[in-house]
Amino acid sequence: MRGYTLLSVFIIAIAASKVATAESGWLPQGRSGADEAHAFTIAVHFKGKADVAATCDKVLMKVSDPLSSAYDQHLDLSSVNEIFMDREAVARVESWLKSVDLTYETVGDYITVKCTISESERHLGAKFFRYTHEDSPGLIYHHTHSYTLPREINEDVDTIHGIDVFPLARQ
């Protein structure tokens, strides 16, 4: 069996990243500036995470079945949040954001954070790089290959949108 050094694995990963980036049209422009504006959205996990699919199926079947007393009584966002949103988890994430003095806006179980690159890097243990899209050179995206969530919110966060997956460029 052929052995690989850490350096060779790193080089292969960088090469694969460049190919994937080039194929998607995103072109690296170097490190993001510390004072550049940055926004990302934290998706807080659902209440009763293990049972979400089953609960969703039950609710959808009730409002879709003409024989059900709940037929055609579709839920609004507030009702959906009441069933699925983990308010305690949202409160813990908001508390952490306040403790590190980050500006945010909460809509249901999504929390959009607006800060600078240096704040994102400091609080997420990440390094951000600037990318532009070949079809929309004015479009700038700040991307990281990895990030770390603080221990106090690690179990409350499903994902963070807008930091590690390239978006589709709109023309």
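Numbers here simply count residues along the sequence, with the first being 1. Note that the coordinates shown come from a computational prediction; the quantities given were computed from them, not determined experimentally.
Across every non-hydrogen atom of Arg31 and Phe128, the tightest pair is NH1-O, 3.0 Å. Nearest heavy atoms, Ala43 versus His161: CB-NE2, 3.9 Å. Smallest separation of non-hydrogen atoms from His45 and Ala89: NE2-CB, 3.9 Å. Minimum heavy-atom separation, His142 to Ser32: ND1-OG, 2.7 Å. Of all heavy-atom pairs spanning Ala126 and Thr144, the tightest one is CB-OG1, 3.5 Å. Of all non-hydrogen atoms in Asp156 and Glu152, the two that sit nearest each other are OD2-O, 3.8 Å.
Taking the six-membered ring where the residue is Trp, Tyr141 and Trp26 present tilted rings, their angle falling between 30° and 60°. Ring geometry for Phe166 versus His143: interplanar angle under 30°, hence parallel rather than tilted (30 to 60°).
Between His38 and Phe40, the gap from one ring centroid to the other is short of 6.0 Å.
Residues Asp86 and Asp109 fail the side-chain proximity criterion, which asks for heavy atoms closer than 4.5 Å. Looking only at side-chain heavy atoms (C-beta outward), Ile42 and Val93 come within less than 4.5 Å of each other. Tyr131 is not listed as a side-chain neighbour of Leu27, based on a closest heavy-atom distance of 4.5 Å or more. Contact annotation: the side chain of Ile111 approaches that of Val90 to within less than 4.5 Å [non-hydrogen atoms, C-beta and beyond].
Rounded to the nearest 0.5 Å, atoms CZ (Phe129) and CD1 (Ile117) are 11.0 Å apart. Here the straight-line distance linking atom OG of Ser64 with atom NE2 of His74 works out to 6.5 Å at 0.5 Å rounding. Atoms CD1 and CD, on Ile153 and Glu94 in that order, are 11.5 Å from each other to the nearest 0.5 Å. In this structure, the separation between OG on Ser146 and CG on Asp164 is 9.0 Å, given to the nearest 0.5 Å. Rounding to the nearest 0.5 Å places CD of Glu155 at 10.0 Å from CG of Leu149. Rounding to the nearest 0.5 Å places OG of Ser99 at 7.5 Å from CG of Leu97.
Formation of a donor-acceptor pair under 3.5 Å by the His145 side chain with backbone atoms of Lys127 is not found in this model.
For the residue pair Glu105/Thr112, the side-chain donor-acceptor check at 3.5 Å is not satisfied.
Judged as a side chain to side chain contact (heavy atoms under 4.5 Å, CB included), and not counting sequence neighbours, the contacts of Tyr71 are Pro66.
Annotation for Gln29: atom CD counts as buried by contact number, over 12 foreign heavy atoms lying within 6.0 Å. Heavy-atom neighbours of Asp101 CG from other residues, nucleotides or ligands within 6.0 Å: at or below the threshold of 12.
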- Item | Thr116 vs Glu36, side chain to side chain donor-acceptor pair (under 3.5 Å): CA-CA, chis, key distance, verdict | CA-CA 5 Å; Thr116 63; Glu36 288 187 76; over 6 Å; no
- Do Lys114 and Glu119 pass the salt bridge (Lys or Arg N to Asp or Glu O under 4.0 Å) test, and can you show the C-alpha distance, the side-chain angles, and the key distance before you say yes or no? CA-CA 10 Å; Lys114 294 183 180 178; Glu119 290 171 315; over 6 Å; no
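Both Leu124 and Val100 are part of a single hydrophobic cluster, where members link through side-chain heavy atoms under 4.5 Å apart.
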